[in-house]
Each structure stands twice: as structure tokens, then as C-alpha cells.
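A quick write-up on the structure given underneath.
Values reported hereafter were calculated over all heavy atoms of this structure, with side chains retained and with hydrogens, waters and symmetry mates removed.
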Amino acid sequence: MKPEDDASPRGLPNDHSRASLVKLGITVGAIALAVVHVAVPSARVDTIVLVLGGIAVIPWLSTVFESIDTPFGGVKYRQLANRLDEVEGQSASVRQVQQAYEARERVQAADPVEGQAEQRLPALIANYNAVRHPQTGMPSGPVRTQVMTRIVGEMIAAAEAGESVQIDSALKGTDQGLRLAAYAVLYARPEPSYAIPLIDSVVDIEKKPFGQFWGLRAISRLVEVAGRRQIDLNSARRLRDLQEDLPRSSDRMFELRRILEGLDLR
């Protein structure tokens, strides 16, 4: 499983279509095995064929039943699907954060004295925007995501060394690199006074999955460090409503669920 990328090729199946394809694949595979088993001259319709037939049917039962009793206990299809979504989102989130922290640590190891390194944020902002440029930038995909993750890791290191940007204008503006730098600064140094502008930026302005992920990380850090009372009720409800717009198995959904758990709103 890989971190969620910003753009998907046209025609890529959504969550529902992808789930149907997986179901179909399981069913076809099980039926094929049953056919092969029966095709063997010495074979007969026995327990193996019945088991394979059961496997072929199981993926489709979730559209009819919430659960079914088995000798091993009840099986909750939707609960299992939700858990699988969470695991996929968590894996993508953890991987991206680890890659960012590796880049952050490389920068910190190279700095002779904290706070005395030259200003890096302007160059990192320009680099990020160059990578994302629709005509001359890198094509969407895992390689670009890795490059952007390295950049945000270096932004976090710069912020921890004392660098900053004009937070208010960056959160509200259209410059993607500058906005990402603001998220990195608030991630490195959570500031409760920016809670509402940060949430407004993530919910209303940031439309790129990569940027939104790091905006959500900044919100999560704010809740962890300053406590849930820093998030007003209206902003908390806006975050809860954001669930409707995110893919269930995405890294962004995993981060949002963590925030909502911290706010007792999940």
C-alpha cells in the first residue's frame, strides 16, 4: 500500500468499483479452482468443491446481509470492510510520515548549529511549486509523492530551526508551496491562535490530497499539544463533515479519524 497521490488517471475505479472488482476476482478465482478440481478425471463433487463454492458466494453476501453466523462466530462484513479501510489508510499515512521524518533528520544532522542555517523555506517553496507545475513539473505518481514528501520533511526541519512564513496569508492564498510551508510551520510549532484559519484552509481551500494530508497532520498536532478545547464546536463539525468528501481508505481519512477521536466526535 502506498501514500495517496494527488491525481488519478482518468477512468481509475472508485472505492465502490474497486471493491466490486475484488469481489469479482475472488469469485472467479474460486469458481475456476472448482472447475479445475471437477475436471480431473478422478475428482468428484466433494467437500473441496463445496468450500470453493462457498468462497465464491461470500464476497457478495455483504450486499444482502449485515452479518452471518458461522461455526466460528458472527462475521460482520461491513465492520471488516471498515477495518480494512483503516489499515490501508494507516499504512499510507505512516509511510509518508516516516519518509518526511527521514528527510527532516538528514537536514538536522547536516546543520552545524540549530538556528544558524541559511533560510531554506523560500527555496523549498519554489522547489515544491516546480515539482507540481502542470506543464513542466513531474508527472503524478509515487515518485513525485516521494519527492514532495522529502520537501515537506525539509520544510519541517526549517520550521523547527526557527524559519517561518506569513501564516495568515499563506493559509488563505493560492500558492500551494507557500501553503504547504505554513502547514509545516504549524506542524513543527502548533499555535492555537491559528486553529480556525488552519481548519478553514484544509476544508475550504486545500484541494490537493498531498497538501490536505499535511494540513490534517498540523491539526492533529494542535489537538495533541494544545488539547481539544482549542477547536471550537463549529470547526469541529466542519471537520466531521469533511469525512463525506474523502476516500474511506485514504491516508487523509485515517488522519481525520484520529482528529475526530481526539475531539470525541467520531
Side-chain angles (χ1 to χ4, degrees), residues 1-6 8 14-16 18-19 62 66-67 76-101 145 148-149 152 156 159 167-168 170-172 176 179-180 182-266:
M1 289 171 282
K2 60 189 178 183
E4 180 187 16
D5 193 52
D6 282 345
S8 299
N14 56 27
D15 286 349
H16 178 73
R18 186 169 54 197
S62 62
E66 174 67 29
S67 65
K76 297 286 187 180
Y77 296 110
R78 289 175 179 81
Q79 288 181 4
L80 178 59
N82 290 339
R83 181 55 185 155
L84 290 174
D85 286 339
E86 289 183 13
V87 170
E88 184 174 353
Q90 180 179 17
S91 175
S93 174
V94 168
R95 183 171 303 177
Q96 188 170 170
V97 171
Q98 285 179 337
Q99 291 175 353
Y101 270 46
T145 300
M148 294 190 302
T149 302
V152 78
I156 292 171
I167 301 293
D168 282 315
L171 292 176
K172 298 175 183 177
Q176 296 179 34
R179 192 163 58 242
L180 182 66
Y183 295 154
V185 170
L186 292 176
Y187 180 82
R189 305 196 303 270
E191 176 52 60
S193 64
Y194 287 113
I196 293 178
L198 174 60
I199 292 171
D200 288 344
S201 178
V202 171
V203 174
D204 296 329
I205 298 174
E206 186 59 70
K207 302 305 179 184
K208 298 298 183 181
F210 184 86
Q212 195 172 49
F213 171 81
W214 284 101
L216 288 168
R217 288 287 300 176
I219 297 171
S220 181
R221 282 276 293 154
L222 176 62
V223 174
E224 291 173 5
V225 173
R228 65 184 185 182
R229 291 185 179 179
Q230 303 300 328
I231 309 297
D232 66 279
L233 183 58
N234 181 62
S235 295
R237 287 171 176 168
R238 300 190 70 218
L239 286 170
R240 183 183 58 192
D241 293 343
L242 183 61
Q243 293 180 102
E244 302 298 324
D245 300 327
L246 303 184
R248 293 183 303 174
S249 60
S250 66
D251 50 8
R252 290 176 292 158
M253 181 64 87
F254 172 74
E255 292 299 330
L256 180 57
R257 284 169 174 155
R258 289 183 60 208
I259 294 169
L260 295 178
E261 285 178 354
L263 299 176
D264 288 337
L265 283 177
R266 186 172 175 185

For the atom pair CD1 (Ile205) and CD (Gln176), what is the distance rounded to the nearest 0.5 Å?
12.0 Å
Starting at CD1 of Ile199, measure out to CD1 of Ile231 and round the result to the nearest 0.5 Å.
4.0 Å
Correct closest heavy-atom pair for Leu171 and Ser201 would be O-OG, 3.0 Å
Determine the minimum heavy-atom distance between Leu246 and Leu256, stating which atoms define it.
CD1-CD2, 3.7 Å
Shortest non-hydrogen contact between Ser93 and Asp251, atoms and distance:
N-CB, 3.7 Å
Please report the C-alpha distance between Ile196 and Asn234 in whole Å, then the side-chain angles of each, then the deciding distance to 0.1 Å, and finally whether the side-chain contact (heavy atoms from CB on, under 4.5 Å) criterion is met.
CA-CA 9 Å; Ile196 293 178; Asn234 181 62; over 6 Å; no
List the residues meeting side-chain contact (heavy atoms from CB on, under 4.5 Å) with Arg237, not counting sequence neighbours, and say none if there are none.
Leu233, Arg240
Residues Gln243, Leu260; criterion side-chain contact (heavy atoms from CB on, under 4.5 Å); working and verdict
CA-CA 10 Å; Gln243 293 180 102; Leu260 295 178; 3.4 Å; yes
Determine yes or no for a side-chain-to-main-chain donor-acceptor pair under 3.5 angstrom, with Ser220 supplying the side chain and Leu216 the backbone.
no
Kindly give the heavy-atom pair with the smallest separation between Asp168 and Pro197, and that separation in Å.
OD1-CG, 4.2 Å
If the condition is side chain to side chain donor-acceptor pair (under 3.5 Å), which residues does Glu206 pass it with, not counting sequence neighbours?
Arg179
In plain terms, say whether Asp204 and Arg238 are close enough for a salt bridge, that is, a side-chain N and a carboxylate O under 4.0 Å apart.
yes
Begin from the C-alpha positions of Val152 and Tyr183 and carry the test side-chain contact (heavy atoms from CB on, under 4.5 Å) through to its verdict.
CA-CA 9 Å; Val152 78; Tyr183 295 154; over 6 Å; no
One pair to check against side-chain contact (heavy atoms from CB on, under 4.5 Å): Trp214 and Ile156. What are the steps and the verdict?
CA-CA 11 Å; Trp214 284 101; Ile156 292 171; 3.9 Å; yes
Closest heavy-atom pair and its distance - Leu198, Gly215
CD1-O, 4.2 Å
Do the side chain of Gln212 and the main chain of Val202 share a donor and acceptor less than 3.5 angstrom apart?
yes
Pro190 versus Leu222, closest heavy-atom pair with distance
CB-CA, 4.0 Å
Here the salt bridge (charged side-chain N to carboxylate O under 4.0 Å, His left out) pairs for residues 208-220, sequence neighbours left out, are Arg217-Glu255
CD1 of Ile219 to OH of Tyr187, rounded to nearest 0.5 Å, is 13.0 Å
CZ/Arg257 to CD/Gln90 distance, rounded to the nearest 0.5 angstrom?
11.0 Å
Atom OH in Tyr194, atom CZ in Arg189: separation rounded to 0.5 Å?
10.0 Å
